[in-house]
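Read the structure below first, then the notes.
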Amino acid sequence: MSELKEAPQAVEPFPLSTLRHSVAHLMASAVAKLFPEVKFGFGPSIEHGFYYDFDLVEPLTDKDLKRIEKEMRRIARKTPELVRHEVSREEAREQLAGQDYKLEALELIPEDEQLSFYAHGDWQDLCQGPHIDTLDRDYAFKLQSIAGAYWRGDEANPMLQRIYGTAFWNKEALTAHMEWLKEVQLRDHRKLGVEMDLFSHHAEAGSGFIFWHPDLGCVRREIENFWWDLHTRAGYKPVYTPLISRESLFAVSGHLENYSEMMYAPMDIDEMPYRVKPMNCPGHILIYKNRGRSYRELPLRWAELGTVHRYERSGTIHGMLRVRGFTQDDAHIFCTPDQLADEIAGVCSLVHQILTGFGFEYTAYLATRPEKDTIGEAESWERATAALKDAAKMQKLPLVLDEGGGAFYGPKIDYKIKDALGREWQNSTIQCDFNLPERFDLTYVDSDGKKKRPILVHRAILGSLERFVGVLIEHFGGKFPLWCAPTQVAVIPIREEHGEYCRGLAERLEQELLRVDCMSQEAHMNKKIKEAQARQVPFMLIAGERECSDGSVALRRRGTREQEVMAFDDFLELVLKLRASRSLELV
RNA sequence: GCUGCUGUAGCUCAGUGGUAGAGCACUUCCUUGGUAAGGAAGAGGUCAUGGGUUCAAGUCCCAUCAGCAGCUCCA
């Protein structure tokens with residue numbers, strides 16, 4: 001797979017983030033010049049560049065970006081020197097007169113902190129720095145986009161206009177970054193979804209609901225099979241639970257109380273309110289509670305590809321990555337406190353197998369007890385957190401500490417995966433829960449004959465099929481590995497009279513449950529090759545006179561133009577082997 | 001939800017208040033081609049939807065729906 005990452009930086013006179021912060025200042029000064037009535041918000045450097053927030057009367061347009069860039073270059077030439085001066089709080093207030101947001105920002109700075117301004121030309125900004133020394137150094141920058149952003153990220157506050165830009169120490173690095181952005185755009189799952197006929201959504205059906213087309217259906221089914229194979233081996237049993245349930249169930253679970261803004265309105269069935277489930281746990285818990293449980297049957301590992309529906313605000317919906325109806329690869333483990341560490345270790349191992357099965361690198365984060373509003377005894381938290389740590393140790397899994405990042409009902413391990421473009425996504429999660437066993441009064445009879453409380457572990461590895469497959473489309477750039485590719489083999493006759501031979505080959509492949517497209521329709525061979533290539537079919541088999549006469553095929557692998565002539569049986573062996581191993585090799 | 005932008009053929013996009021366009025894809029016919037586009041013809045549209053302004057609206061205005069860039073929130 002092509003490893004496309006951001007180009008490494010050459011030796012830098014200042015850190016890249018410092019440069020970007022300084023260019024943000026430069027941009028703000030240009031905006032001040034062009035729009036004298038502007039009020040300034042914050043303007044930090046961020047992962048791939050910088051932004052600055054402005055309160056302007058008129059909305060900015062893309063044309064303004066060009067004007068601002070031009071003004072920036074002028075200012076950088078004319079008054080390049082960045083000068084720091086320290087001031088008292090009183091002086092700062094005076095100098096920020098009329099700048100409401102800056103004055104508010106000033107109040108956020110602790111009393112004992114030394115205040116400073118950075119100035120170039122006649123523009124200055126309250127800022128602790130650091131900055132580069134002069135703005136006329138060699139570097140390259142670009143203003144990228146305009147967007148709304150709430151002052152201090154709070155939607156109760158007024159909305160400011162944010163300009164995003166980026167900067168690098170040389171033109172080559174900026175160009176490389178722009179190339180990377182282009183690649184990100186090319187691989188966008190929404191774009192590929194249309195081009196490859198993978199999925200759609202419809203105004204008729206409503207925003208945020210995904211329609212999986214047949215080709216993506218194949219991909220999903222393969223992923224589900226892979227998932228079930230590993231889960232079955234890991235001792236999970238399948239369960240199936242209803243999409244809707246009586247509202248009272250969600251009152252017991254607490255979802256109604258804590259999660260109602262995400263839940264769809266009740267529907268009336270026999271004068272009783274029912275709700276569409278936003279999570280699968282209550283259903284699994286009802287199965288657990290269906291009869292008494294003994295310590296002898298724990299741990300119980302129950303898995304369900306459970307479809308849930310959640311209300312998401314209209315502006316948050318995004319392709320397959322953020323939707324209103326989705327299928328979680330959910331499972332719940334009911335176990336004794338003593339079993340917890342082993343169970344978590346088992347999940348960690350499963351996460352590893354599944355994520356690396358798709359070629360993802362990952363990082364795991366241990367999220368511990370939040371400072372307030374938690375439930376459960378301190379001792380339970382300690383034991384569970386220790387179990388998570390022990391499990392990670394057993395699996396030799398390094399954990400990054402996310403202090404206080406746990407849920408209110410228990411500590412958790414979250415995973416972030418890194419895709420082929422170096423972007424991070426959060427999908428997998430393993431969560432201990434002290435809350436639901438309590439609310440549903442879950443028990444098991446221990447060896448001493450006493451009723452005890454089991455621990456509940458929620459875990460999802462793919463997260464949701466929608467989000468995971470969306471990420472996967474971008475990760476592979478539409479080039480699915482053989483085992484889950486929608487069409488695995490394209491068979492192409494050179495002339496019409498070779499069609500029969502090709503159909504014979506296709507049939508033998510189909511008998512092995514391979515997904516085959518026998519392109520025997522009337523069209524020129526070159527056109528079919530182009531089409532198969534465009535559809536990212538892993539293998540093309542091309543057959544003409546020579547192949548028909550000796551039972552061979554001319555194999556062309558995705559991404560190459562070379563042909564390998566081989567006996568059909570040898571090809572069959574090759575393709576079956578690759579499929580069985582769920583190989584990620586680009587064939 | 002909020003700010004800004006967008007909605008014309010299946011896709012990518014032209015279109016000056018006055019007769020609805022191109023390329024690709026599709027259909028039919030011709031073409032028998034050895035590794036990325038053979039040729040010709042044809043069909044395809046309530047210009048997102050609903051109001052309004054106007055002699056006249058794809059074009060201007062408003063609303064709704066949907067999408068895009070973000071903010072906030074999240075699997």
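To find a chain, count down the sequence lines: A is the first, B the second, and so on, and within it residues start at 1.
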(Q) What residues from residues 540-553 of chain A pass a heavy-atom cutoff of under 4.0 Å to RNA chain B? (A) A:Ile542, A:Gly544, A:Glu545, A:Arg546, A:Glu547
Q: Please work out if A:Thr316 contacts a base, only the sugar-phosphate, or nothing of the nucleic acid, heavy-atom cut-off 4.0 Å.
A: base
Q.
Taking Watson-Crick (N1-N3 plus N6-O4 or O6-N4) and G-U wobble (N1-O2, O6-N3), each under 3.5 Å, can you produce the dot-bracket string of RNA chain B? Use [ ] for crossing pairs and | for inter-strand ones.
A. (((((((..((((....[..)))).(((((.......))))).....(((((..]....))))))))))))....
(Q) For A:Trp425 and A:His475, I'd like to know if the aromatic rings sit close, meaning centre-to-centre distance below 6.0 Å. (A) no
Q: For A:Val323, report the nucleic acid contact type (base, sugar-phosphate, nothing); a contact means any heavy atom under 4.0 Å.
A: base
(Q) List the residues meeting side chain to side chain donor-acceptor pair (under 3.5 Å) with A:Asp570, not counting sequence neighbours, and say none if there are none. (A) none
Q: Tell me which residues in residues 151-158 of chain A put a heavy atom below 4.0 Å from RNA chain B, sorted by number, or none.
A: A:Gly153, A:Glu155
Q. Just wondering, do A:Phe539 and A:Leu578 contact through their side chains at under 4.5 Å, heavy atoms?
A. yes
Q.
Taking the six-membered ring of A:Phe50 as reference, does the cationic atom of A:Arg20 (NZ for Lys, CZ for Arg) lie under 6.0 Å from its centre and within 45° of its axis?
A. no
Q) Hey, does A:His202 reach any base, or is it just sugar-phosphate, or nothing, if we go heavy atoms under 4.0 Å? A) nothing
Q. Mind checking the P distance from B:rG58 to B:rC47? Whole angstroms is fine.
A. 7 Å
Q. Does a donor on one side chain and an acceptor on the other come within less than 3.5 Å for A:His213 and A:Ser200?
A. yes
Q. What pairs of residues pass the salt bridge (charged side-chain N to carboxylate O under 4.0 Å, His left out) test when at least one of them lies in residues 540-549 of chain A, not counting sequence neighbours?
A. A:Arg495-A:Glu545
**Q.** Residue pairs fulfilling salt bridge (charged side-chain N to carboxylate O under 4.0 Å, His left out) with at least one residue in residues 406-415 of chain A, sequence neighbours excluded
**A.** A:Lys412-A:Asp414
Q | Toward the 5' end of RNA chain B, by each residue's nearest nucleotide, A:Glu562 or A:His201 | A | A:Glu562
Q | Residues in contact with RNA chain B, drawn from residues 402-412 of chain A - heavy-atom cutoff 4.0 Å | A | none
Q: Identify, with sequence neighbours excluded, every residue that meets ring-ring contact (aromatic ring centres under 6.0 Å, His included) alongside A:His332.
A: A:His284, A:His458
(Q) Measuring only between side-chain heavy atoms, which start at C-beta, is A:Met320 closer than 4.5 Å to A:Phe326? (A) no
Q | Positional range of nucleotides in RNA chain B within the contact set of chain A, heavy-atom, under 4.0 Å | A | B:rG1 to B:rA75
Q: Check whether any side-chain heavy atom of A:Phe360 lies under 4.5 Å from a side-chain heavy atom of A:Asn427, and answer yes or no.
A: no
Q: Apply side chain to side chain donor-acceptor pair (under 3.5 Å) to A:Tyr362 and list each qualifying residue two or more places apart in sequence or on a separate chain.
A: A:His352
Q | Separation of the P atoms in B:rU53 and B:rC61, to the nearest angstrom | A | 15 Å
(Q) Return whichever of A:Ala147 or A:Met525 has its heavy-atom-nearest nucleotide of RNA chain B closer to the 5' end. (A) A:Met525
(Q) Say we look at B:rU12 and B:rA25: how far apart would their P atoms be, to the nearest angstrom? (A) 15 Å
**Q.** salt bridge (charged side-chain N to carboxylate O under 4.0 Å, His left out) partners of A:Asp55, counting only residues at least two apart
**A.** none
Q: Indicate, with yes or no, if the rings of A:Phe35 and A:Phe54 have centres closer together than 6.0 Å.
A: no
Q.
Suppose we screen for side chain to side chain donor-acceptor pair (under 3.5 Å). Which residues come up paired with A:Ser45, at least two apart in sequence or across chains?
A. none
Q) When the C1' atoms of B:rG23 and B:rU8 are considered, how many whole Å apart are they? A) 15 Å
Q: Cation-pi check, A:Arg220 to A:Trp212: give yes when NZ or CZ is under 6.0 Å from the six-membered ring centre and within 45° of the ring axis, no otherwise.
A: yes
Q: Under 4.0 Å between any heavy atoms, over every strand shown, what does A:Arg162 touch: base, sugar-phosphate, or nothing? Just pick one.
A: sugar-phosphate
Q) Do A:Pro238 and A:His231 come within less than 4.5 Å of each other through their side chains, counting heavy atoms only? A) no
